[in-house]
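Below is one structure, written out as structure tokens, with a few remarks after it.
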Amino acid sequence: MSRKTRTITALCLILCMLFTGCTKDKNKATEQPTETPTPTAELSPTPTPEPESEVEHMTLKDRYKDVFKVGVALNNTTLKNKDYMDIVKEQFNSFTFENEMKPDSLLNKTATQKGYPDTNTEPVLQFISIQNGLSIAQQNGFGVRGHTLCWYSQTPRWFFTVDYSDSGELCDRETMIARLESYIKQVMEFCQTEYPGVVYAWDVVNEAVDPGSGDANGIRREKNNWYATIGPDFIDYAFAFARKYSDGTAKLYYNDYNCYDKMSTIIKALKSVQEAGNIDGIGMQCHFGTMDSMRDRAYKAAKYFTSNGYCVQITELDIGSKTRAEGIEKLQAIRYKELFYYVEQGVKAGEINLDSITVWGLYDDASWRTGENPLLYKRAVGKLEKKPAWYGAMQDPAIEIPQN
Ligand code: GLA
């Protein structure tokens with residue numbers, strides 16, 4: 001090879017190396033697969049696990065222990081299920097009987113009818129439906145919300161008739177006032193004697209305000225046998241009897257739904273009860289939807305009731321959705337976070353006088369809102385699983401509240 005040819009060959013080599021090197025660097029990403037194949041998500045057998053949440057190993061009752069109790073509504077099936085109760089004991093420090101403490105469950109129809117007329121103003125009660133739950137509460141340090149003493153619903157019609165018959169005429173005002181007194185006395189005395197200090201709040205009257213179809217003051221008339229027999233002041237009587245028989249260990253509550261919508265009517269309806277000193281607080285049920293503003297519905301109403309001299313409890317919280325659109329569980333988690341955030345901030349700022357939030361049921365399949373999946377847990381294979389909603393209620397920092 002001549003010198004000239006050698007020089008040209010060397011130059012070509014250098015140029016070729018330079019060119020190849022540049023090209024390689026520039027196209028590293030595209031070239032690499034041919035050398036070392038990078039697994040694509042599709043091929044990967046184990047997707048990257050989500051980073052563990054900061055709140056994973058905390059519990060609801062500990063997270064809020066210095067601010068308010070966290071409760072759950074339970075029925076006797078759940079109360080007897082060990083696995084479910086392990087979760088309840090770990091996460092909550094209060095519960096409410098879903099149905100077991102309502103007049104429907106506590107009134108003993110056979111014995112009351114059999115004993116008539118001796119039972120005319122003293123109905124016979126039975127406590128079998130709440131004994132196991134109250135013992136569990138007593139042994140495990142749960143507080144119980146007593147729900148509910150006087151309600152137009154889930155109270156049998158026979159309780160209001162002259163001779164306790166199913167189809168008899170409704171009885172007179174004086175008899176019904178006496179029956180109301182006897183009923184409240186028996187329920188409260190049973191709990192206070194057998195399980196002292198366990199019940200920390202009584203829903204003395206439930207859902208008595210209905211501005212749409214109520215009377216001039218918004219008191220519910222429709223299907224309301226308390227109104228039909230006693231008249232609108234059944235509310236005053238119920239609270240007067242609850243105060244009379246209370247040993248002072250529990251607060252007395254009025255409980256209702258859609259409070260944000262009927263706040264001033266509720267305040268008006270309870271004016272005489274408040275003046276008589278027979279009421280302590282207002283229970284806001286809070287059956288909400290994922291499109292609702294928690295700030296407007298819960299925080300504002302709680303603040304309003306507080307400014308009117310009442311304690312407040314959130315008594316039946318659930319946030320459901322009729323649609324199963326993608327992302328719905330995330331939105332639900334945001335709503336739960338908003339609710340707990342605004343309420344906690346309100347309590348800490350002294351704007352809200354609230355000491356308890358109760359979720360209305362443990363897991364979706366046990367909810368009364370079938371198909372709306374409104375709760376914090378869902379059933380997975382063989383166990384209950386925390387939903388994003390639980391992380392929301394824990395105010396997981398990874399869940400962002402949209403600013404608007
Ligand atoms: C109302 C009552 C509750 C319960 C729900 C529906 O909110 O206060 O006890 O019956 O309705 O389950």
Side-chain angles (χ1 to χ4, degrees), residues 71-79 92 94-107 129-130 133 143-156 159 183-184 187 191 199 201-214 219-220 222-227 234-235 238-239 242 251-263 266 269-270 279 281-289 292 297-298 301-302 305 312-322 339 356-377:
V72 59
L74 300 175
N75 55 38
N76 270 335
T77 315
T78 306
L79 276 159
F92 301 94
S94 162
F95 73 81
T96 308
F97 289 99
E98 191 176 3
N99 290 305
E100 289 74 358
M101 213 187 218
K102 291 172 179 170
D104 252 353
S105 303
L106 300 187
L107 283 165
S129 56
I130 54 174
V144 169
R145 297 200 74 262
H147 176 76
T148 170
L149 295 170
C150 177
W151 188 22
Y152 77 96
S153 180
Q154 292 190 258
T155 307
F159 183 50
Y183 180 84
I184 288 177
V187 180
C191 294
V199 176
W202 286 102
D203 286 337
V204 178
V205 175
N206 198 30
E207 301 180 348
V209 169
D210 176 18
S213 59
I219 311 296
R220 177 188 298 276
E222 239 172 63
K223 299 187 191 143
N224 187 351
N225 286 326
W226 291 112
Y227 193 102
F234 78 90
I235 303 174
F239 276 100
K251 287 185 183 158
L252 307 182
Y253 277 78
Y254 172 76
N255 190 49
D256 213 335
Y257 63 91
N258 291 5
C259 287
Y260 59 91
D261 223 12
K262 50 187 185 188
M263 301 186 295
I266 291 175
L270 297 174
I279 183 168
I282 296 179
M284 308 192 330
Q285 293 184 3
C286 298
H287 297 297
F288 291 150
D292 295 334
R297 300 214 161 183
F305 290 139
V312 181
Q313 292 184 345
I314 289 183
T315 56
E316 304 184 20
L317 176 65
D318 49 17
I319 307 176
S321 163
K322 289 202 166 73
L339 185 126
S356 169
I357 296 186
T358 296
V359 185
W360 200 246
L362 183 60
Y363 58 99
D364 286 339
D365 287 349
S367 166
W368 68 297
R369 297 171 73 180
T370 320
E372 291 187 46
N373 299 342
L375 299 174
L376 305 182
Y377 287 84

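Numbering of ligands and ligand atoms starts at 1, following listing order.
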*Roughly how far, to the nearest 0.5 Å, is CD1 of Ile184 from SG of Cys150?*
6.0 Å
*asked:* Are Leu107 and Tyr183 packed together at the side-chain level, in the sense that at least one heavy-atom pair is separated by less than 4.5 angstrom?
replied: yes
*Which bit of Trp151 is near ligand 1, meaning a heavy atom under 4.0 Å away: side chain, backbone, both or neither?*
side chain
*Considering only protein heavy atoms, which is closest to atom 9 (O) of ligand 1, and at what distance to one decimal place?*
His147 NE2, 2.6 Å
*asked:* Taking ring pair (Phe, Tyr, Trp, His ring centres under 6.0 Å) as the definition, give me every residue that meets it alongside Phe95, ordered by chain and number, with sequence neighbours left out.
replied: Phe97, Phe142
*Given side chains that start at C-beta, do those of Tyr152 and Tyr227 come closer than 4.5 Å, heavy atoms only?*
no
*Using heavy-atom distances, let me know which of Gln285, Lys102, His287 sits nearest atom 4 (C) of ligand 1.*
Lys102
*Any His147 side-chain heavy atom under 4.5 Å of Glu316 side chain*: yes
*Are Asn75 and Thr78 close enough that a side-chain donor and a side-chain acceptor fall under 3.5 Å?*
yes
*Please determine if Glu316 has a nitrogen or oxygen closer than 3.5 Å to a nitrogen or oxygen of ligand 1.*
yes
*Does Asn206 approach ligand 1 within less than 4.0 angstrom via side chain, backbone, both or neither, non-hydrogen atoms only?*
side chain
*Short list, please: which atoms of ligand 1 are under 4.0 Å from a heavy atom of Gln154?*
10 (O)
*Could you check atom 1 (C) of ligand 1 against the protein and tell me its nearest heavy-atom contact, residue, atom and distance included?*
Glu207 OE2, 3.3 Å
